[in-house]
Trainee: 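Before we start, here is the structure in question, set down as structure tokens.
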Amino acid sequence: MRIIHTHIYTCLLVFAALLCSSCQQDEAEEMATDKQIVVLYSPTGLGDNGYNDLIVKGVQTVYKTRQDAQMELIAPKSMDDAEAVIDRWLSATDSGAKQLLVLASADYYALAREKFAHGNYCNTQREVLLFESPNEDHLPIITFNAEMYGASYLAGAMVAEAGMEHALALLSNPADAVIRRAGDGFMDGYAAVSGKKADISYMHDDWHGYVMSQEAYEMMPELSAKYDFIFPVAGGTSKGIFRYLREHPEGPMTAGMDVDQSIYSSQVVGSVVKRIDRLVEYYLNAWIDGSALPQERNYGLESGYMDWQLAPSYLPSFGPLVEKHRTTAILKEKEYAE
């Protein structure tokens, strides 16, 4: 297995992975294979110490453990660069090899709709896998979602059970369906246990809500006076909350997202974790093994790929409260999806 071509910008994790694997390249080039994988990473996400770097971790695990497929790992600098890669893949001469194009970000949905809506690439040898997409246009591609509702419900139920009387769901924007489902889960879990609604607020009305760390920091004195728990689903905006709480550890408790973020503040009680590296390994290994991949699938709390993971220091006190509501959270997530 080898990396054929890369467009890598500043990302130490990817660079180190490529460096580590280069020693095997000469040997790999001697190997004939009838399976080829192109992985297209997010244009802006690598190096986030979170979700996107976990994707890299999953890909590299497959790279290092499988020698029966060629892999081309690409980190484009822009969406234009990403489109050029997709066009190259579409126009490439059929080599007879089985091919998989991995679009490792929901940001690629618009491009996928433009390029694959008519199924012009389709044959038994070529497939496209898009991460975290509901595929509302029913494109002829493979998609999956890591569903946040159940884990967020579990967080809300725990917060209410712990007696926190003033809770806020702080979301990036109202347009993102994934964010909205996480907010719904937290609100529903909190209401089910406390009998009252948590407040909800949005940082912005579009994608800017993900990149408002300074604004969140400046909001925190007011929010701290009003709430004893803040559930932020707002990407990098949460960094402002964590920074404030490091400076004011007497402030409200809060939550991390995607990975365990308890290292950023002692007030991070737990995190809604996406074990996306394990999902990546599952899909790539299954495809290499020749298994038929499900066209659309949601992976929620019951799957083990999603969870509300407590910070170690809070596990003794809050752990029993979480497990008390786990079964209910799984059932509510199934009802929500229907």
Side-chain angles (χ1 to χ4, degrees), residues 42-53 77-80 82 105-113 131-134 136 145-149 151-153 155-156 159 166-191 197-248 251-259 261 264-265 267-268 271-274 276 336:
S42 167
T44 59
L46 300 188
D48 63 358
N49 295 316
Y51 178 82
N52 287 286
D53 286 356
K77 294 180 179 180
S78 67
M79 292 302 285
D80 287 341
S105 171
D107 294 339
Y108 290 129
Y109 186 75
L111 266 179
R113 184 171 53 204
F131 288 13
E132 301 271 44
S133 168
E136 295 171 346
N145 282 293
E147 176 59 63
M148 299 177 72
Y149 179 93
S152 300
Y153 182 102
V159 167
H166 305 287
L168 171 69
L170 183 63
L171 312 184
S172 64
N173 68 80
D176 190 317
V178 174
I179 300 297
R180 195 165 58 245
R181 291 196 297 270
D184 287 348
F186 180 80
M187 300 282 287
D188 291 348
Y190 186 83
K197 292 183 66 174
D199 289 344
I200 187 168
S201 182
Y202 298 95
M203 290 298 300
H204 207 275
D205 58 3
D206 61 20
W207 64 270
H208 288 90
Y210 295 109
V211 291
M212 298 177 68
S213 175
Q214 182 60 31
E215 290 84 351
Y217 177 85
E218 294 170 359
M219 292 166 55
M220 280 302 292
E222 179 181 351
L223 296 181
S224 296
K226 188 174 181 180
Y227 298 105
D228 46 19
F229 192 91
I230 299 174
F231 187 74
V233 194
T237 295
S238 296
K239 293 179 181 178
I241 297 173
F242 301 153
R243 177 160 68 98
Y244 180 87
L245 291 174
R246 286 195 298 272
E247 297 170 1
H248 302 84
M253 292 182 175
T254 189
M257 292 291 146
D258 293 339
V259 297
Q261 294 188 317
Y264 297 117
S265 168
Q267 295 300 94
V268 175
S271 301
V272 174
V273 295
K274 292 184 178 183
I276 193 70
Y336 183 81

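Numbering of residues begins at 1 and proceeds along the displayed sequence.
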Trainee: Are any of the side-chain heavy atoms of Y264 and R243 separated by less than 4.5 Å?
Mentor: no
Trainee: Do the ring planes of H204 and H208 sit parallel (below 30°), tilted (30 to 60°) or perpendicular (above 60°)?
Mentor: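 The arrangement is tilted - the two ring planes meet at 30° to 60°.
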Trainee: Report yes or no: does Y109 contribute a side-chain atom to a donor-acceptor pair with the main-chain N or O of P134 at less than 3.5 Å?
Mentor: no
Trainee: Report yes or no: does R246 contribute a side-chain atom to a donor-acceptor pair with the main-chain N or O of S265 at less than 3.5 Å?
Mentor: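 Checking the backbone N and O of S265 against the side chain of R246, no donor-acceptor pair under 3.5 Å is found.
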Trainee: Checking side-chain contact (heavy atoms from CB on, under 4.5 Å) for the pair M148/V233: CA distance, chi angles, key distance, verdict?
Mentor: CA-CA 10 Å; M148 299 177 72; V233 194; 4.1 Å; yes
Trainee: Taking all heavy atoms of A167 and all of D228, pick out the closest pair and write down the distance.
Mentor: N-OD1, 4.2 Å
Trainee: Quick one: OG on S224 to CG on L245, what's the gap to the nearest 0.5 Å?
Mentor: 6.0 Å
Trainee: What I'd like to find out is whether the side chain of P252 reaches to under 4.5 Å of the side chain of L223, using heavy atoms alone.
Mentor: no
Trainee: Just by distance, do the side chain of T254 and the backbone of Q267 share a donor-acceptor pair under 3.5 Å?
Mentor: no
Trainee: What is the minimum heavy-atom distance between A106 and E132, and which atoms define it?
Mentor: CB-O, 3.3 Å
Trainee: Considering non-hydrogen atoms only, spot the tightest contact between T237 and M212 and give its length.
Mentor: OG1-N, 2.9 Å
Trainee: With a 4.5 Å cut-off on side-chain heavy atoms, are K226 and D199 touching?
Mentor: yes
Trainee: What's the shortest heavy-atom distance between A234 and S172, and which atoms?
Mentor: CA-CB, 3.7 Å
Trainee: Calculate, to the nearest 0.5 Å, the distance between atoms CZ and CE belonging to F242 and M220 respectively.
Mentor: 10.0 Å
Trainee: Let me confirm one number: the OG-CZ distance from S133 to R113, rounded to the nearest 0.5 Å.
Mentor: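 Reported to 0.5 Å precision, the distance equals 9.5 Å.
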Trainee: Working to the nearest 0.5 Å, report the span between OH of Y227 and OG of S201.
Mentor: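 If I round to the nearest 0.5 Å, the distance is 7.0 Å.
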Trainee: List the steps, then state whether side-chain contact (heavy atoms from CB on, under 4.5 Å) holds for L170 with I241.
Mentor: CA-CA 11 Å; L170 183 63; I241 297 173; 3.8 Å; yes
Trainee: Spell out, as yes or no, whether a donor-acceptor pair under 3.5 Å connects the side chain of D258 to the backbone of V273.
Mentor: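 Side chain of D258 to backbone of V273, a donor-acceptor pair under 3.5 Å: no, none is there.
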Trainee: Does the plane of the ring in Y244 sit parallel, tilted or perpendicular to the ring in Y217? Use 30° and 60° as the thresholds.
Mentor: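 The rings of Y244 and Y217 stand perpendicular, inter-plane angle above 60°.
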Trainee: Will you find, in the side chains of D176 and Y210, an N or O donor that is under 3.5 Å from an N or O acceptor?
Mentor: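 Their side chains do contain a donor-acceptor pair, which is all the 3.5 Å distance test asks for.
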Trainee: For a quick test of reading the model, state the closest non-hydrogen atom pair linking A255 to F231 and the distance between them.
Mentor: CB-CD1, 3.8 Å
Trainee: Minimum heavy-atom separation for R181 to Y149, with atom names?
Mentor: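 The answer is O-CD1, 3.5 Å.
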Trainee: Quick check for you: to the nearest 0.5 Å, what is the distance between Y202 atom OH and N173 atom CG?
Mentor: 8.5 Å
Trainee: If you round to the nearest 0.5 Å, how far is CE of M219 from CD of Q214?
Mentor: 12.0 Å
